[in-house]
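Heads up, the thing below is written out as structure tokens.
One-based numbering, in listed order, for ligands and for the atoms of each. Just so it is clear, the structure is predicted and the values come from calculations on it, not from any experiment.
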Amino acid sequence: MDTKVVSIEEDQIDDKAKEYLKEAGEIIKKGGLVAFPTETVYGLGGDALNPESSKKIYAAKGRPSDNPLIVHIADMEHLGKIVKSIPAEAYKLAEKYWPGPLTMIMDKADCVPYETTGGLDTVAVRMPSNRIAAEFIRQSGGYIAAPSANISGRPSPTEAKYCIEDLDGKVQMIIDGGKVGIGLESTIIDLTVSPPMILRPGYITRENLQAIVEEVRVDKTILDSNSKEAPKAPGMKYRHYAPKGNLKIVEGKQEEVISYINEKITELEPGSEKTGVIATTESASFYKADVVKIAGNRDDEDEIARNLFSILREFDDENVSVIYSEAFNDTGVGQAIMNRLLKAAGHQVIDLGR
Ligand code: TXA
Ligand code: MG
């Protein structure tokens with residue numbers, strides 16, 4: 001299949017852009033697939049109410065079909081059609097955080113096929129704030145099933161070039177809307193349990209959610225590497241975001257982390273491995289690795305979130321085989337950053353103590 005790549009600027013949706021979005025909508029209505037930008041990461045979209053489209057999404061991603069898809073809507077009126085009933089918390093949370101990087105799980109209506117929900121009786125719903133996404137969803141009939149637009153197991157794409165890398169020839173169209181703003185996937189909250197539970201941390205934090213609904217729990221498998229329990233979001237059990245190199249996280253005081261990593265790199269037989277470090281602006285110049293990537297300023301969690309996935313991909317492109325990463329704060333958005341980093345590292349953490 002030929003993949004058509006089109007470019008649209010989010011703050012300039014002109015006639016040409018509208019034409020592209022209409023064409024994208026036609027592709028979806030005919031059962032095809034389109035990769036598109038959202039504020040979190042790029043999505044791989046198909047018609048959420050068409051079981052054949054969902055099957056194609058799983059095939060294009062190489063994703064196990066027990067891993068449910070998020071249904072993206074653009075207008076609040078459309079929510080009622082795909083869920084059995086709208087819980088009171090959903091109205092409150094939607095008022096504050098929709099459109100935006102929050103996914104809510106509710107009981108599904110009959111019109112949502114099990115192919116979309118991975119066999120579950122619940123459905124995950126999100127209303128993205130990216131204007132290209134919103135217009136694309138409307139042009140497509142209102143309901144877009146979309147996982148992140150990467151091949152299963154790779155980091156989620158934060159730029160269209162990564163969608164092209166993973167999906168060229170597998171989708172009809174890729175909409176290039178530039179680099180995404182957030183860089184980590186949406187926060188997922190399950191509203192079918194009481195109190196509601198966070199299944200995946202994201203840009204909207206537990207504190208943000210608790211400001212709106214009284215009590216919110218967190219699935220304890222999210223940060224705990226020793227948990228024997230299965231995560232409640234089926235997708236969280238897979239080793240995601242894994243770079244090809246062996247990634248380890250080193251935790252401890254800054255100077256000790258730097259000397260530990262440098263020591264480990266020096267111990268390697270010269271030329272035997274290509275080494276990489278995920279560092280911060282403050283620490284980068286101290287590392288002796290072949291490739292040192294700056295995630296951002298240590299205190300700028302938003303910047304670190306935005307850069308993390310592209311850094312993991314760049315290590316692959318540069319064939320880095322041994323990677324060390326500093327650990328980041330795990331408060332606020334940091335919890336989402338550390339959740340993704342821990343998964344990328346297969347939970348290999350070296351704790352040097354505080
Ligand atoms: O930011 C995002 O959420 C991006 C953009 C494209 O919107 N999408 C995304 O989709 O990250 P995906 O498929 O990569 O991750 C969806 C996660 C998976 O871990 C899946 O298991 C979980 O949501 N999920 C979906 N429906 C669910 C349900 N009914 N119950 C529990 N978990 C669900
Ligand atoms: Mg994903």
Side-chain angles (χ1 to χ4, degrees), residues 33-46 48 54 57-58 60-74 82-84 97-109 112-130 132-134 136-137 144-158 162-163 166-167 175 177 180-193 196-204 219 221-222 230-242 305 309 336 339-340 343-344:
L33 305 181
V34 174
F36 64 102
T38 82
E39 67 278 19
T40 56
V41 299
Y42 275 76
L44 165 55
S54 293
I57 292 175
Y58 288 108
K61 262 186 85 93
R63 171 169 177 154
S65 59
D66 68 342
N67 189 356
L69 308 174
I70 294 174
V71 179
H72 297 68
I73 58 174
I82 52 172
V83 301
K84 208 163 241 166
Y97 294 116
W98 274 7
L102 178 68
T103 296
M104 298 191 242
I105 295 179
M106 295 169 243
D107 289 323
K108 82 171 189 72
V112 183
Y114 284 115
E115 282 79 0
T116 299
T117 66
L120 299 176
D121 286 312
T122 54
V123 61
V125 190
R126 177 160 110 78
M127 188 191 290
S129 64
N130 181 293
I132 300 168
F136 162 59
I137 294 166
I144 290 287
S148 48
N150 52 284
I151 290 177
S152 207
R154 296 210 76 198
S156 300
T158 49
Y162 299 130
C163 299
D166 283 12
L167 298 174
I175 303 173
V180 301
I182 293 178
L184 298 178
E185 307 87 347
S186 61
T187 306
I188 302 179
I189 185 166
D190 185 354
L191 300 182
T192 67
V193 293
M197 186 182 277
I198 295 175
L199 306 189
R200 179 173 74 182
Y203 189 76
I204 295 181
D219 181 359
T221 67
I222 283 175
K232 302 208 165 38
M236 297 293 279
K237 71 174 177 272
Y238 296 105
R239 177 159 178 217
H240 259 194
Y241 323 114
F309 285 156
N339 169 262
R340 307 310 194 270
K343 290 180 77 146

Report task. Considering the heavy atoms of Ile188, write down every atom of ligand 1 situated less than 4.0 Å from one of them. Result -> 17 (C), 22 (C), 23 (O)

Query - Short side-chain donor-acceptor distance under 3.5 Å, Thr103 and Ser186 - result: yes

Report task. Go through ligand 1 atom by atom and flag the ones less than 4.0 Å from a non-hydrogen atom of Thr122. Result -> 28 (C), 29 (N), 30 (N)

Report summary line: Quick look: Asp190 vs ligand 1, heavy-atom contacts under 4.0 Å, and the answer is neither

Requested in this report: Could you tell me whether Met106 approaches ligand 1 through its side chain, its backbone, both or neither, with non-hydrogen atoms closer than 4.0 Å?
Outcome: neither

**Report entry** Proximal atoms of ligand 1 relative to Pro68 (non-hydrogen, under 4.0 Å)
**Finding:** 20 (C), 21 (O), 24 (N), 25 (C), 26 (N), 27 (C), 28 (C), 33 (C)

Requested in this report: Before signing off on this row, confirm whether Thr40 and ligand 1 have an N or O atom pair separated by under 3.5 Å.
Outcome: yes

Report task. With heavy atoms of Arg63 as the reference, note each atom of ligand 1 found under 4.0 Å away. Result -> 12 (P), 13 (O), 14 (O), 18 (C)

Query raised in the report: Which ligand 1 atoms are under 4.0 Å away from a heavy-atom of Ile70?
Result: 3 (O), 8 (N), 9 (C), 10 (O), 16 (C)

Query raised in the report: Can you say whether the rings of His72 and Phe36 are parallel (under 30°), tilted (30 to 60°) or perpendicular (over 60°)?
Result: perpendicular

Query raised in the report: In Å and rounded to the nearest 0.5 Å, what is the CG to CG distance from Leu120 to Asn67?
Result: 9.5 Å

Query - Pro234 neighbourhood, listing ligand 1 atoms whose heavy-atom distance to it stays under 4.0 Å - result: 21 (O), 31 (C), 32 (N)

Query - pair Ser54-Leu69: side-chain heavy atoms closer than 4.5 Å - result: yes

Query raised in the report: Who are the side chain to side chain donor-acceptor pair (under 3.5 Å) partners of Glu39, not counting sequence neighbours?
Result: Arg126, Ser129

Query raised in the report: Is the distance from the Mg ion (ligand 2) to some N, O or S atom of Ser148 under 2.8 Å?
Result: yes

Report summary line: For His72, the ligand 1 atoms with a heavy-atom partner under 4.0 Å come out as 5 (C), 6 (C), 7 (O)

Query raised in the report: Does Arg340 use its side chain to pair, donor to acceptor, with the backbone of Glu185 at less than 3.5 Å?
Result: yes

Query raised in the report: Does some non-hydrogen atom of Asn67 fall short of 4.0 Å from ligand 1?
Result: yes

Report task. Any chance you could measure Leu44, atom CG, to Arg63, atom CZ, to the nearest 0.5 Å? Result -> 9.5 Å

Query raised in the report: Can you tell me if Lys108 has a non-hydrogen atom under 4.0 Å from ligand 1?
Result: no

Requested in this report: Just jot down the ligand 1 atoms closer than 4.0 angstrom to any heavy atom of Leu120, in number order.
Outcome: 28 (C), 29 (N), 30 (N)

Query - Donor-acceptor contact present, side-chain Ser148 to main-chain Asn150, <3.5 Å - result: no

